[in-house]
Amino acid sequence: MDWIARYHAALGYTPAGPLDQASLARLHRAHVTALPFGNLDLLLGRRPVLSPTELERKVLQERRPAYCYELNTLLADYLQRQGLQPTTHLARVLLEQTPRQEKPRSHLIITLLLNGERWLLDVGFGGGGLCEPIPLRVDETFDQGQDRYRLQADEEASGWYLQRELDGQWRQMYWFDLTPSYPADSEVSNHFVATHPQSRFMRELMLTRLCADGRLVLHKGQLSHRSPAGQRITTFSSASELDTLLRREFGVALSPAECAQLLPFALGTATACA
């Protein structure tokens, strides 16, 4: 099986002609449904490696949860192999509503010029991330079934804020501009996020994926299943319960020792990973 066929198989995606707006939306949604976002390997002491060979092994073959540097690098690689010209960028995550100038460029995203219009793609944000690409249009609402999104212009810094509607209010997700990010930039940022003791990814287990009727998020002792019909919460407190949820909802099989090692991070009671 060649790389393209392996990618399609991992996503459960069947191409139907050249990538256009509709097929790109279908591809993006298949990606965030089939390939979970998560940092469990990092907390088990396995630092993310961004080489094509390692990403193919970990994400496409073993179907291990991964995060933005891995998932969006993989998607950008696929788009390039399809003859398109994606550009990667580093964004500033603003979930705590912190001013953009106080946050580092720590999140990898993609933009793509398609039929004369530039689109934002992001299959690696985690809970609340885009289900499908959106065009770079200011103050237009994009309803993707699970969530509603919009972009606001930052004229001062020539950039954009991506926002998601939550409980009737628009909340900042991240800020970005169109400065290209190169593989060397991703390596540096990936190293910081995966090693610095203040990195959120070193302190808490986070797993999420889109599902047929909503979004699953495992974080701080609970699995949330959020859908347009409401939210269902499943709590857990033991390594065996964590193991059951990982296998059933994310297709991840770990040893009892690994589940025990992850449990404090899954409950939100651990100190930073060494």
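Using a distance-only test at 3.5 Å, with no hydrogens or angles considered, a donor-acceptor pair links the side chain of T73 to the main chain of Y69. Side-chain atoms of T208 never come within 3.5 Å of backbone atoms of G126 as a donor-acceptor pair (strictly under, hydrogens ignored). With hydrogens and angles disregarded, a donor-acceptor distance shorter than 3.5 Å links the side chain of H89 to the backbone of T179. Looking at R164, its side chain never comes within 3.5 Å of a backbone N or O of L130 through a donor-acceptor pair. A donor-acceptor pair is defined here as one N or O able to donate and one able to accept, closer than 3.5 Å; such a pair exists between the side chain of Q146 and the backbone of R226. Judged by distance alone, with hydrogens and angles left aside, the side-chain atoms of T88 form a donor-acceptor pair with the main-chain N or O of S181 at under 3.5 Å. A donor-acceptor pair is defined here as one N or O able to donate and one able to accept, closer than 3.5 Å; such a pair exists between the side chain of T244 and the backbone of S240.
Residues G38 and L207 come closest through the heavy atom pair CA-CD2, 3.7 Å. Summarising the geometry of R118 relative to L113, their closest heavy-atom pair is N-CD1, 3.8 Å, with the distance given to 0.1 Å. Scanning both residues, G124 and L71, for their nearest heavy atoms gives CA-CD1, 4.1 Å. Minimum interatomic distance between P86 and I110 (heavy atoms only, all atoms of both residues): CB-CG2, 3.8 Å. Across all non-hydrogen atoms, the minimal contact from R64 to D41 is NH2-OD1, 2.6 Å. Here the closest heavy-atom approach between residue L151 and residue P135 is recorded as CD1-O, 3.5 Å.
The closest side-chain donor-acceptor pair between Q231 and S224 falls under 3.5 angstrom. No hydrogens or angles considered: nothing links the side chains of D177 and W160 as a donor-acceptor pair under 3.5 Å. Between the side chains of Y149 and T141, no donor-acceptor pair is found at a separation under 3.5 Å. Side chains of E241 and S238: a donor on one and an acceptor on the other come within 3.5 Å.
Using a 4.0 Å cut-off between a side-chain N of Lys or Arg and a carboxylate O of Asp or Glu, R57 and E62 qualify as a salt bridge. The residues R46 and E258 are annotated as salt-bridged, a charged nitrogen and a carboxylate oxygen being separated by less than 4.0 angstrom. Electrostatic pairing of E156 and R100 counts as a salt bridge here, judged by a charged N lying under 4.0 Å from a carboxylate O.
With sequence neighbours left out, the side chain to side chain contact (heavy atoms under 4.5 Å, CB included) criterion links L267 to F236, L263, T269. Every side chain to side chain donor-acceptor pair (under 3.5 Å) that E132 has, sequence neighbours left out, goes to R29. The side chain to side chain donor-acceptor pair (under 3.5 Å) test applied to Q222 returns no partner, not counting sequence neighbours. Annotation: side chain to side chain donor-acceptor pair (under 3.5 Å) contacts of H225 (sequence neighbours excluded): D213, R232. Applying the ring-ring contact (aromatic ring centres under 6.0 Å, His included) criterion to W119, with sequence neighbours excluded, gives no partner residue.
With W3 as the aromatic partner, R81 meets the cation-pi criteria of under 6.0 angstrom to the ring centre and within 45 degrees of the ring axis.
Taken to the nearest 0.5 Å, the CG atom of L35 stands 11.5 Å off from the NZ atom of K58. Rounded to the nearest 0.5 Å, atoms NZ (K103) and CG (L95) are 8.0 Å apart. Atom CG of N39 sits about 11.0 Å away from atom CZ of R203, to the nearest 0.5 Å.
Between F125 and Y174, a ring centre-to-centre spacing shorter than 6.0 Å is recorded. Between Y67 and F201, the distance from one ring center to the other falls under 6.0 angstrom. Separation of the H8 and Y78 ring centroids falls under the 6.0 Å cut-off.
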For this session: Check the pair S51 / T53 against side chain to side chain donor-acceptor pair (under 3.5 Å), numbers first and verdict last.
Result: CA-CA 5 Å; S51 69; T53 300; 5.1 Å; no

Exercise. Given the rule in the side chain to side chain donor-acceptor pair (under 3.5 Å) test, do N72 and H107 qualify, once you have shown the distances and angles that lead to the verdict?
Worked result: CA-CA 10 Å; N72 281 325; H107 175 59; 4.8 Å; no

For this session: Could you please spell out the steps behind the side chain to side chain contact (heavy atoms under 4.5 Å, CB included) verdict for I134 and L162?
Result: CA-CA 10 Å; I134 61 173; L162 176 64; 3.8 Å; yes

Problem set entry | Derivation of the side chain to side chain donor-acceptor pair (under 3.5 Å) call for Q80 and Q85 | CA-CA 6 Å; Q80 287 178 328; Q85 295 183 317; over 6 Å; no

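For N115, the CG atom counts as loosely surrounded, since its 6.0 Å shell holds 12 or fewer non-hydrogen atoms of other residues, nucleotides or ligands.
For the pair L90 and I109, the minimum side-chain heavy-atom distance is 4.5 Å or more.
Among pairs with a residue in residues 13-22, those fulfilling side chain to side chain donor-acceptor pair (under 3.5 Å) read D20-S23, at least two apart in sequence or across chains.
Tested against Q163, the residues Q169, Q152, R148 include a single side-chain hydrogen bond (donor to acceptor under 3.5 Å, both in side chains) partner, Q152.
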